[in-house]
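To start, the structure itself, in structure tokens.
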Amino acid sequence: MTNKAYTAPKLPIMELVRELTIGQRATDNIEQLATFLHRTIFRKLRPFSTEIYFAGEENFELFQNPFSDESQNNLLGMPINHVVLDEISSSGSAVFYTKQNIPSFLSNSEIKTHLFVPIKDDADLIALLYLCSFDHFVFSENFLNSMETLAAVIGSRLKSMGSILQLTQSMRDLEYSEKLRTALYEISEQAQSTPDLGDLYEKIHKTINRLIHARNFYIALVDNRDDGCFIKFPYYIDHYDSHFQGMEIKLEEETSLTGYLAKHKEPLLLTPQNYTETCKTHNLKPIGKKPHSWLGAPFYFQNSCGAVVVQSYNRVIYSRKDKELIAYVARHVGNAINRQMAFDELRKAKERAEVAERNKSTFLANMSHEIRTPMNGILGLTNLVLQSDISVQHKTYLKMVHSSANRLLKLINDILDFSKIEAGKIELEIAPFNLRDTVADTLEILAIGAAQKNIELHFDIKNDVPRYLLGDAGKVNQILMNLIGNGIKFTDTGSVTIKIYKHTPEINDANNPNIILAFEIQDTGIGIFEEKIGDVFKAFNQVGTTRDSNNSGTGLGLVIAKELIEKMGGEVTVDSTPGRGSTFYFTIEFPICSDKTGKSLTPSNHNERNKTTCTSLNVLLVEDELINKTLATIVLEREGWTVRVADDGIQALEILEQELFDLILMDIQMPKLNGYQTTAAIREREKLSGMTTPIIAMTAYAVKGDREKCLASGMDGYISKPIDTKKLCCEIQSVIRSIPTSDNSIDRCKN
Ligand code: ADP
């Protein structure tokens, strides 16, 4: 090292410019450019050591020669307000310092020559070439010009690189916003459609993991209770603190981050720059391992709140964009929790309602039993007395008792039917039946009432209506009873006409084996006002007619009829003119019964069936209730049968030890042994003896499933109380026929 001043050597400027122009085209960013310059261009500027600075937001960053580790100066970066930069900016050209004018910040090194060459974009300084040497150099005009030329070429690359970088950035932004849009949509979908919150947290976690560094993600919920405020972690996935999953910690509002979020009601972003200071300012003492960056956003549900949090333990630092994303996620989590809570409440209410509904059904079943039992007594006994030799006046009174009891029974049946409809428990019992007989049966009963009011009943069934159909004859009868009954009830003079014909809509095609029948029930009664007509099919609706106070009823008849009709694939409508009368139309779709199936119910068969008597049967009646016992005994004995009574199941078993019976009539609800238990015991014994006695249940339980229950418990038949001897006879007949008994009681049951 000498103090001699050298002249900077002449540069092969043309060659350098060519090489620079071609070589730098392959560089896409400033790192690549700096590397290229160091490797190819700067080494040709020897004896100088050359570095390049690029303008950053706050500093001019040095891109030191990656191929040499000799650090020639101590400068790592220059603040943008550095004196050198000021000087270069103002002179607009290269600046060099020698021994004489060296500024103090450079004077503490051994370097004797410093040359700064500006790289500009128009007037802006965008980079800086720095040449230095341990020797003392002077620069010719020519050398400086050559350096400025090189700087201009590098500048042009930087400029175009700037646009490329901008483009890349905006493409990245676009890509991100596209990804963000998809993710946000996904999150809102997930929040709406995932009923289980645990699943939702997991899904959301997966979704945001695609957008930001979310390896460590948790959801916190604040639970305000009497014993304090707690924070729960229903979801906690974390590299270091996964043990927080499912944990509950007492929340110190002042010191926890979640407490801070809840209080300030806004997201919080912690980075290495603000972590310590923020925690100190707000007296926060975060638990768990200290993250490099922490980002959380609060959400609110009902009267409480919670937080969605991501943490980074590596170099990732969350940005403002991430903060917006987490805030969005938090909002959706809050909404989902709100919805979930509302849903839970609804479910609980539904469960309560279902329990109430079950209680109601049980209550109805019990009531039905309790009411039918005395009704059985009243109806049966009045009937018996009516047939005995009593005075005309007594007969009149008794008939009134009988008709009142019947009305009461109808009412009970309506209420039961209605509650079955409400519970969706109406079921059809499909069997072959003769529609003409069913209608005749209905009219036979209603004719009495019509005759009393002097109303004519007309019945017209067209020939094209098949004789036999498959359907629920009982329900058809119930509908007709209701509609024709109403016709009679709401008519003072004139008639009620019933017409049945084949409905001919287009759907009666060859492929449809069903037939649709139309029914018309027309009366000449009081009619229904137009504004009320819409209400007649609504429950408990006795629409105001001119004199409805005279008419009994529950307002349920039409509701039940409508339900039954619809259940059978039909519909019902009404036309009415006040003062002139009403016509109710309805249709029902029936499968046509084949001849073969129909044969079992040929008219002659059917008529004879009603006349059937089963003579000299030996019957064991198992019944505890006095009135029922008396009534049943009288009814059965009147048929010419021998009746032995057992007061309960145990007595029945004792009697059966000694005596054989053709038939057992079994009450269900009895003390000690009930009907089911008694039947089970009888059937058990019969296994040893090899003989079977038919058992028919006789029960006031008239709710769905009773028949099935009786049959399942080993009985052969079922009749409901009040006992109808005709029905009982039919049941006995069919039971005795279907069971091969030890003796030939079949022979004794003559048709
Ligand atoms: P209710 O048991 O009261 O007869 P319904 O459901 O059978 O109940 O009938 C509801 C109401 O519709 C009746 O109270 C009556 O006002 C009206 N209504 C039904 N059928 C007729 C009819 N044929 N003529 C006039 N009004 C009728």
Side-chain angles (χ1 to χ4, degrees), residues 428-447 449-450 455-491 494-525 527-528 533 536-537 557-558 560-577 580-595 597-599 601-603 606-607:
L428 300 177
E429 286 173 33
I430 306 295
F433 76 105
N434 182 331
L435 179 64
R436 286 167 176 80
D437 283 348
T438 303
V439 181
D441 284 351
T442 314
L443 292 178
E444 198 180 319
I445 298 167
L446 293 173
I455 291 165
E456 288 174 32
L457 273 186
H458 303 295
F459 174 38
D460 178 13
I461 184 161
K462 295 284 179 239
N463 286 337
D464 57 2
V465 173
R467 187 161 292 267
Y468 299 106
L469 298 162
L470 259 183
D472 189 329
K475 303 275 190 300
V476 173
N477 172 282
Q478 203 178 343
I479 297 164
L480 291 172
M481 275 286 194
N482 259 313
L483 297 182
I484 304 171
N486 275 350
I488 298 168
K489 190 159 78 176
F490 295 105
T491 302
S495 61
V496 176
T497 306
I498 298 96
K499 287 183 192 158
I500 305 176
Y501 50 91
K502 203 165 144 187
H503 191 58
T504 46
E506 307 71 59
I507 68 138
N508 258 356
D509 60 65
N511 295 332
N512 189 351
N514 295 353
I515 180 171
I516 299 177
L517 295 184
F519 297 72
E520 261 183 58
I521 291 103
Q522 186 179 27
D523 66 55
T524 56
I528 306 164
I533 218 155
V536 295
F537 294 109
L558 286 180
I560 296 168
K562 181 172 185 279
E563 279 296 325
L564 295 178
I565 288 165
E566 287 171 1
K567 185 101 186 163
M568 291 192 267
E571 48 191 43
V572 58
T573 54
V574 57
D575 256 358
S576 187
T577 312
R580 304 269 308 269
S582 317
T583 307
F584 284 81
Y585 301 90
F586 70 93
T587 54
I588 294 182
E589 189 168 348
F590 294 104
I592 302 170
C593 189
S594 70
D595 279 356
T597 332
K599 255 177 200 151
L601 274 177
T602 57
H606 182 62
N607 289 341

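When a residue number appears, it is its place in the shown sequence, counting from 1. The basis for the numbers below is simple: all heavy atoms, side chains too, and nothing from hydrogens, waters or symmetry mates.
- With contacts defined as side-chain heavy-atom distances shorter than 4.5 Å, the pair Glu444/Asp441 qualifies.
- Side-chain contact, Asn477 with Thr438: no donor N or O sits under 3.5 Å from an acceptor N or O.
- Looking at residues two or more places apart in sequence or on another chain, you find no side-chain hydrogen bond (donor to acceptor under 3.5 Å, both in side chains) involving Lys499.
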**OP:** Decide side chain to side chain contact (heavy atoms under 4.5 Å, CB included) for Phe459 and Leu457; before the verdict, give the C-alpha distance in whole Å, the side-chain angles of both, and the deciding distance to 0.1 Å.
**Re:** CA-CA 7 Å; Phe459 174 38; Leu457 273 186; over 6 Å; no

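- Within the 4.5 Å cutoff, side-chain heavy atoms of Val574 are placed close to those of Phe537.
- The aromatic rings of Phe586 and Phe519 lie parallel to each other, their planes meeting at an angle below 30°, with 60° marking the opposite boundary.
- Surrounding CD of Glu571 are at most 12 heavy atoms belonging to other residues, nucleotides or ligands under 6.0 Å away.
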**OP:** Output, in order, the C-alpha distance, side-chain angles, deciding distance and verdict of salt bridge (Lys or Arg N to Asp or Glu O under 4.0 Å) for Glu563 and Lys567.
**Re:** CA-CA 6 Å; Glu563 279 296 325; Lys567 185 101 186 163; over 6 Å; no

**OP:** Apply side chain to side chain contact (heavy atoms under 4.5 Å, CB included) to Ile479 and Val572, showing your working.
**Re:** CA-CA 11 Å; Ile479 297 164; Val572 58; over 6 Å; no

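- Residues Leu470 and Pro432 share a closest heavy-atom pair of CD2-N, 3.4 Å.
- Between the OG1 atom in Thr497 and the CD atom in Glu456 there is a gap of 8.5 Å [rounded to 0.5 Å].
- To the nearest 0.5 Å, the span separating CD1 on Ile498 from CD1 on Ile484 amounts to 4.0 Å.
- Using a 4.5 Å heavy-atom cutoff, the side chains of Leu558 and Leu483 are in contact.
- Of all non-hydrogen atoms in Leu564 and Lys475, the two that sit nearest each other are CD2-CD, 3.5 Å.
- Between the OH atom of Tyr501 and the CD1 atom of Ile461 there is a distance of 12.5 Å, given to the nearest 0.5 Å.
- Taking all atoms of both residues into account, the shortest heavy-atom contact from Leu469 to Leu517 is CD1-CD1, 3.8 Å.
- In this structure, the side chain of Asp523 does not engage the main chain of Gly581 through any donor-acceptor pair within 3.5 Å.
- Here the straight-line distance linking atom CD1 of Ile455 with atom OG1 of Thr491 works out to 5.0 Å at 0.5 Å rounding.
- Closest approach of Leu480 to Ile521, counting heavy atoms only: CD2-CD1, 4.3 Å.
- Inter-residue side-chain proximity for Met481 and Leu446 is flagged as met; some heavy-atom pair is nearer than 4.5 Å.
- Of the possible polar contacts, one joining the Asp472 side chain to the Glu429 backbone as a donor-acceptor pair under 3.5 Å is found.
- Interatomic distance, Thr442 OG1 to Asp437 CG, rounded to the nearest 0.5 Å: 10.5 Å.
- Nearest heavy atoms, Ser582 versus Gly527: OG-CA, 3.5 Å.
- Residues Arg436 and Ile500 have side chains not in contact (no heavy-atom distance under 4.5 Å, counting atoms from C-beta outward).
- Applying the 6.0 Å contact sphere to CG of Asn463 captures no more than 12 heavy atoms from other residues, nucleotides or ligands.
- Glu566 CD to Thr587 OG1: the interatomic distance, rounded to the nearest 0.5 Å, is 9.5 Å.
- Residues Met568 and Val476 are in side-chain contact: their nearest non-hydrogen atoms beyond the backbone lie under 4.5 Å apart.
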